[in-house]
Protein chains: 2
Amino acid sequence: MNVPPKNVNETNREYAFRVISANIISLDIEPGSMIGEQEIATMLGLSRTPVHEAFLELSKSKIVDILPQKGCRVSMIDSDLIREARFLRITVETALVEDACELAKEEDLRELEDNLELQEFYLSKDADKLLALDNEFHKLIYSICNKMQCYYMVSLMSMHFDRVRSLSLHSVKDLKIVSDHRAILNAIKKKDPAAARAAFQKHMARFELDWSIICNEYKQYISDGST
Amino acid sequence: MNVPPKNVNETNREYAFRVISANIISLDIEPGSMIGEQEIATMLGLSRTPVHEAFLELSKSKIVDILPQKGCRVSMIDSDLIREARFLRITVETALVEDACELAKEEDLRELEDNLELQEFYLSKDADKLLALDNEFHKLIYSICNKMQCYYMVSLMSMHFDRVRSLSLHSVKDLKIVSDHRAILNAIKKKDPAAARAAFQKHMARFELDWSIICNEYKQYISDGST
DNA sequence: TATTCAAAACTTGTATACTAGTCAAAAATA
DNA sequence: TATTTTTGACTAGTATACAAGTTTTGAATA
């Protein structure tokens, strides 16, 4: 497990949540593995309490399953939950990119442009950096539409999807993500909601296609019930 | 504050969350009021720990604001957060009713029908019962589409909206909610996604119209920043 | 009287101790 | 040997104790 240092102005609970989340998404903690509160607490140099609270929050999105008096299991990759996460993201963000066409100010467009240029720079250079920029791009759209609380809720569920997305970034060669983002931003700049919607849906549709590849390559992490 | 008995197979934390949530939504705990962990814990006959954990979860949806080392404040009615909650519900559930047209089985339709007949029975008789049936109706649609995790996430944010919705049920006389539901169910039965979408959006649009009434009648609960 | 400042009385955050439930392996029994 | 029982070593859930920060209070001072 990867244990970065604690940020300033971060409570122990937030620190625990941040570190555990990151390790689950990056697969440094393997799907299906058992993790104990005491074990994590020791690694992070904390008591059980803040770790317990972090586990509680993670269990809300079913990214971990707390088995009372038994332990805490990191959920297997579950296609039903991924489907829900994808559904939520596609549904919400499709509506957002349409709204963004009229809400985006000059400054917002500049921020999106800056982000996208960095994406183009890091393409085929640094996959992790690209993933972070991708997340930031989507987050900016929530911000433009004043929907940051929705962002938080969608993010929580999206962890199921993010675990797979990071696999997909490493396993699928021909990445069209950046050019997709370019198409979305162009549509927003032209204030064309229909084009923005179409570009966004095309973008998100790629992750549907990747599922079979992921399924083959990482079958040891896929839960039995998944179809 | 209203303190119902603890259910069996319910942890103290879940009990605390259930009771506090209900009292916030029903306005038995007034928007803007300070509530202490110890105070609630004593009322519920618990220690601070499970109450603290319940507050944490409530703070995730910003229905309460935890001010470290100071206290916990029940959020004022905030039109921005209501807007977000409405946006999320409308966006997600509009997509769901379309999907429900092809996913709903005979048994699902029967459940919706039973619920709706109860709504018609209780109309203008028992507003609280009607509200509960309304919630159940919407929940059934998530269930039909296999999106219960989304339901949980949307519900959490929806608390902002629910507080206002209960006001609206008591203050607005001419309730069209039940006939709206009838129209939605008919569209699902006919497997007509376009009609279902239209009926649902008409349904949710009513709460936009109610805002001015609510604003006038309950201005002491509305936060300053709200427009 | 008005102002300053310290201490007391609060708050939540966190650590620790204890409770109760689960499981597995060892021990007792047939 | 096979089966049941017991016991001990784990777990998370909860209560309690303490730490650290904020606000209030009230006495001392100008």
Side-chain angles (χ1 to χ4, degrees), chain A residues 1 3-21 23-24 29-76, chain B residues 1 3-21 23-24 29-76:
Chain A
M1 182 161 130
V3 180
K6 186 167 174 293
N7 293 340
V8 288
N9 293 336
E10 184 179 45
T11 64
N12 289 347
R13 168 191 348 128
E14 291 162 344
Y15 174 52
F17 181 80
R18 179 168 64 84
V19 175
I20 300 166
S21 300
N23 279 280
I24 290 176
I29 301 179
E30 293 195 6
S33 62
M34 297 291 294
I35 50 178
E37 293 178 354
Q38 187 59 63
E39 171 195 3
I40 303 291
T42 305
M43 278 195 267
L44 269 50
L46 303 172
S47 79
R48 269 184 55 220
T49 305
V51 175
H52 177 71
E53 289 168 350
F55 277 16
L56 272 180
E57 185 172 353
L58 289 165
S59 76
K60 297 300 174 188
S61 57
K62 288 210 167 62
I63 198 70
V64 304
D65 296 312
I66 296 176
L67 313 171
Q69 271 72 45
K70 280 163 65 176
C72 183
R73 183 198 311 274
V74 178
S75 73
M76 297 289 271
Chain B
M1 185 164 125
V3 181
K6 185 166 175 290
N7 293 339
V8 288
N9 294 335
E10 183 180 45
T11 64
N12 289 347
R13 170 194 343 129
E14 290 161 344
Y15 174 53
F17 181 80
R18 179 168 64 83
V19 175
I20 300 165
S21 301
N23 279 281
I24 290 176
I29 301 178
E30 291 194 8
S33 61
M34 298 292 294
I35 50 178
E37 294 178 355
Q38 187 59 64
E39 171 194 3
I40 303 291
T42 304
M43 280 196 265
L44 300 185
L46 303 172
S47 79
R48 269 184 56 219
T49 305
V51 175
H52 177 70
E53 289 167 351
F55 277 17
L56 272 179
E57 185 172 352
L58 289 165
S59 75
K60 296 303 173 187
S61 56
K62 288 209 168 61
I63 197 69
V64 304
D65 296 312
I66 296 177
L67 314 172
Q69 272 73 43
K70 280 164 66 176
C72 182
R73 184 198 310 274
V74 178
S75 72
M76 296 291 270

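Protein chains get the first letters and strands the later ones, always in sequence-line order, with residue 1 at the start of each. Predicted model, so just to flag it, every value in this text is computed and none were measured.
Minimum interatomic distance between A:Met76 and A:Gly32 (heavy atoms only, all atoms of both residues): SD-CA, 3.5 Å. Nearest heavy-atom pair, A:Ile24 versus A:Val64, reported as atom, atom and distance to 0.1 Å: CD1-CG1, 3.8 Å.
The salt bridge (charged side-chain N to carboxylate O under 4.0 Å, His left out) test applied to A:Lys60 returns B:Glu57, not counting sequence neighbours. For B:Ser33, there are no side chain to side chain donor-acceptor pair (under 3.5 Å) partners, not counting sequence neighbours. For A:Arg73, the side-chain contact (heavy atoms from CB on, under 4.5 Å) test picks out A:Met34, A:Leu67, with sequence neighbours left out. Scanning for side chain to side chain donor-acceptor pair (under 3.5 Å) contacts around A:Lys6 gives an empty result, with sequence neighbours left out. The side chain to side chain donor-acceptor pair (under 3.5 Å) test applied to B:Ser75 returns B:Arg163, not counting sequence neighbours. Residues satisfying the salt bridge (charged side-chain N to carboxylate O under 4.0 Å, His left out) criterion with B:Glu10, sequence neighbours excluded, are B:Arg18.
B:Tyr15 is listed as a side-chain neighbour of B:Val3, based on a closest heavy-atom distance under 4.5 Å. In this structure, A:Ile29 and A:Met1 have side chains that are in contact, with non-hydrogen atoms separated by less than 4.5 Å.
Note that the NE2 atom of A:His52 and the SG atom of A:Cys72 stand 10.0 Å from one another [nearest 0.5 Å]. In this structure, CG in A:Asp65 is found 12.0 Å from CZ in A:Phe55, a value given to the nearest 0.5 Å. One finds the CD1 atom of B:Ile35 at 7.5 Å from the CG atom of B:Leu58 (value rounded to the nearest 0.5 Å).
The nearest whole Å value for the distance from the CE atom in B:Met34 to the P atom in D:dT24 is 10 Å. Residue A:Phe55 contributes atom CZ, which lies 11 Å from atom P of D:dG13 at whole-angstrom precision. Atom CZ of A:Arg48 and atom P of D:dA15 are 14 Å apart (whole Å).
Here B:Leu56 lies out of heavy-atom contact (under 4.0 Å) with every strand.
Between A:Pro50 and B:Gly71, the residue whose closest nucleotide on DNA chain C is further toward the 5' end is B:Gly71.
Applying the 4.0 Å criterion to OP1 and OP2 of D:dA15, one finds that B:Ser47 has a side-chain N or O inside that range.
Contacts with DNA chain C (heavy atom under 4.0 Å) in residues 4-16 of chain A: A:Thr11, A:Asn12, A:Arg13, listed by number. Annotation: proximity of residues 36-43 of chain B to DNA chain C (heavy atom, distance under 4.0 Å) is found for B:Gly36, B:Glu37, numbered in ascending order.
Running 5' to 3' along DNA chain C, contacts with non-hydrogen atoms of chain A at under 4.0 Å begin and end at C:dG13 to C:dC23.
Rotation axes derived from the C1' atoms of the five outermost pairs at either end of the helix from C:dT1-D:dA30 to C:dA30-D:dT1 lie 30° apart, to the nearest 10°.
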Below 3.5 Å is the cut-off: list the nitrogen or oxygen pairs between protein and nucleotides 20-22 of chain D, distance only.
none

Can you give the donor-acceptor pairs under 3.5 Å from side chains of residues 40-49 of chain B to other protein atoms, not counting sequence neighbours?
from	atom 1	to	atom 2	distance (Å)
B:Thr42	OG1	B:Gln38	O	2.8
B:Thr42	OG1	B:Gln38	NE2	3.3
B:Ser47	OG	B:Thr49	N	3.4
B:Arg48	NE	B:Glu37	OE1	2.9
B:Arg48	NH2	B:Glu37	OE1	2.9

